[in-house]
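Report on one structure; see the data block that follows.
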Amino acid sequence: MSGQGDLFTPRAEERMSFVLRLRARGIADVAVLRALELVPRHLFVPHVYADLAWRDIALPIACGQTMSEPYQLARVMEALQARPDQRVLEVGAGSGYATAILARLGTQVVSFERYRTLATEASVRLRELGLENVRVIHGDGLAPDADIGVFDRIILDGAVADVPPEVMALLARDGIVIFAREDAEGRCHMIRRADEKSAGLRDAILFPCRAMALARGKSTTF
């Protein structure tokens, strides 16, 4: 829950080192780097991992899920090209860390999470950080209601065989979808699907990644 990282307060130098390491690995988007610096990652992980939160590593969270390493998240955010005042649909809120990054970028975020525990805790963290441009829904983000509206950007925080038609139907014209997908050899890659006007929807492989499979439906256990 919120406050679990209160016993660990990173020094300014540690946050700066965190950002510089990401820049050294090629992250150049200033807005993305600033958002990663501002969002207190240590508040989004179990307290036993708080001292590791500002390292570029994946960390376990509740409900058997994992928070991606910051570098992978930063690359996704760069590829998403989210701009202030755009609407973003996130499938898989997890701890709410990526949701907070999207909110810091100025977007209006609707985030689905199938685990009630994660959805509740993410909502509390985001509210206590004063991020009002976010809505976390406990539900199946792979089968959203059509009346939720359209989105300029969609991000699936996990691997799927393909983006479900119900999700693609919510993508606005000239929109972008980011998701992970395994190839025939079982290798997982992050994919950017963009609406390129006259060319239609096109997929581009971004980079190899590690991603847990996204499951359908609400969890009945957490």
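As the structure is a computational prediction, the values presented were derived from the model and not from experiment.
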Notebook entry, point to check: Where do A143 and E166 come nearest, in terms of heavy atoms and distance?
Noted result: CB-OE2, 4.3 Å

Next item on the list: Could you pull out all residues at least two apart from D203 that satisfy salt bridge (Lys or Arg N to Asp or Glu O under 4.0 Å)?
Entry: R181, R193

Next item on the list: List for me each residue that meets side chain to side chain donor-acceptor pair (under 3.5 Å) alongside R25, sequence neighbours excluded, and say none if there are none.
Entry: D56

Would you be so kind as to tabulate the donor-acceptor pairs closer than 3.5 Å made by side chains of residues 94-107, with sequence neighbours excluded?
residue : atom : partner : partner atom : Å
S95     : OG   : Y97     : N            : 3.3
T99     : OG1  : E90     : OE1          : 2.6
T107    : OG1  : L102    : O            : 2.9

Check: Transitively linked via ILVMFWY side-chain contacts under 4.5 Å: V150 with V88?
Finding: no

Item checked: Listed partners of R187 passing salt bridge (Lys or Arg N to Asp or Glu O under 4.0 Å), at least two apart -> D183, E185

Notebook entry, point to check: Between R41 (side chain) and A53 (backbone), is there a donor-acceptor pair under 3.5 Å?
Noted result: yes

Check: Are L20 and L38 linked, directly or through other ILVMFWY residues, by side chains that come within less than 4.5 angstrom of each other?
Finding: no

Margin query: How long is the straight-line distance from CZ of R114 back to OG of S219, given to the nearest 0.5 Å?
Written below: 5.0 Å

Next item on the list: Any chance you could pull the hydrophobic cluster mates of V30, using side-chain heavy atoms under 4.5 angstrom and chaining through other members?
Entry: none

Notebook entry, point to check: Residues in side chain to side chain donor-acceptor pair (under 3.5 Å) with R34, at least two apart?
Noted result: E37

Check: Side chains of D157 and I155: does their closest heavy-atom pair fall under 4.5 Å?
Finding: yes

Next item on the list: Return the set of residues passing side-chain contact (heavy atoms from CB on, under 4.5 Å) with R75 (not counting sequence neighbours), or none when no residue passes.
Entry: I27, Y71, F207

Notebook entry, point to check: Under 3.5 Å, is there a donor-acceptor pair between the side chain of D152 and the main chain of G175?
Noted result: no

Note to self: Treating H189 as the side-chain partner and A180 as the backbone partner, does any N or O pair qualify as donor plus acceptor under 3.5 Å?
What the structure shows: no

Next item on the list: Verify the neighbour count for atom CZ of R83: are there more than 12 heavy atoms of other residues, nucleotides or ligands below 6.0 Å?
Entry: no

Note to self: Main chain of D85, side chain of Q108: is a donor-acceptor contact present, judged purely on distance under 3.5 Å?
What the structure shows: no

Checklist line | Gap between atom OG of S123 and atom CG of L131 - 0.5 Å precision | finding: 11.5 Å

Check: Hey, which of Q86, R153, R192 is the one that makes side chain to side chain donor-acceptor pair (under 3.5 Å) with Q81?
Finding: R192

Check: With clusters built from Ile, Leu, Val, Met, Phe, Trp and Tyr whose side-chain heavy atoms come within less than 4.5 Å, directly or transitively, what are the remaining members of the cluster of L201, listed by chain and number?
Finding: L89, V91, V110, F112, I137, L142, I148, F151, I154, L156, V160, V163, V167, M168, L170, L171, V177, F179, I191, I205, L214

Margin query: So, using salt bridge (Lys or Arg N to Asp or Glu O under 4.0 Å) as the criterion, who are the partners of D147 when residues are at least two apart?
Written below: none

Item checked: Single-linkage hydrophobic cluster V45~F222, side-chain heavy atoms < 4.5 angstrom -> yes

Next item on the list: Indicate yes or no: at least one non-hydrogen side-chain atom of P70 is less than 4.5 angstrom from one of R21.
Entry: no

Checklist line | Closest approach of A79 to I178 (non-hydrogen atoms, all atoms of both residues) | finding: CB-CD1, 3.9 Å

Notebook entry, point to check: Atom NE2 of H42 and atom CG of L59: how far apart are they, to the nearest 0.5 Å?
Noted result: 13.0 Å

Check: What are the two closest heavy atoms between L36 and W54, and how far apart are they?
Finding: O-CZ3, 3.9 Å

Checklist line | Non-hydrogen atoms of R15 and P40 that approach each other most closely | finding: NH2-CB, 3.9 Å

Next item on the list: Decide yes or no for Y115 and T120: does some side-chain heavy atom of the first lie under 4.5 Å from some side-chain heavy atom of the second?
Entry: no

Would you list the atom pairs, donor with acceptor, under 3.5 Å between side chains in residues 61-69 and any protein atom, with sequence neighbours excluded?
residue : atom : partner : partner atom : Å
Q65     : NE2  : C63     : O            : 3.2
E69     : OE2  : R210    : NH2          : 2.9

Notebook entry, point to check: Counting only heavy atoms not in Y49, do more than 12 sit closer than 6.0 Å to its OH atom?
Noted result: no

Next item on the list: Apply salt bridge (Lys or Arg N to Asp or Glu O under 4.0 Å) to R116 and list each qualifying residue two or more places apart in sequence or on a separate chain.
Entry: none

Note to self: For R202, give me all partners under side-chain contact (heavy atoms from CB on, under 4.5 Å), at least two apart in sequence or on another chain.
What the structure shows: E196, A199

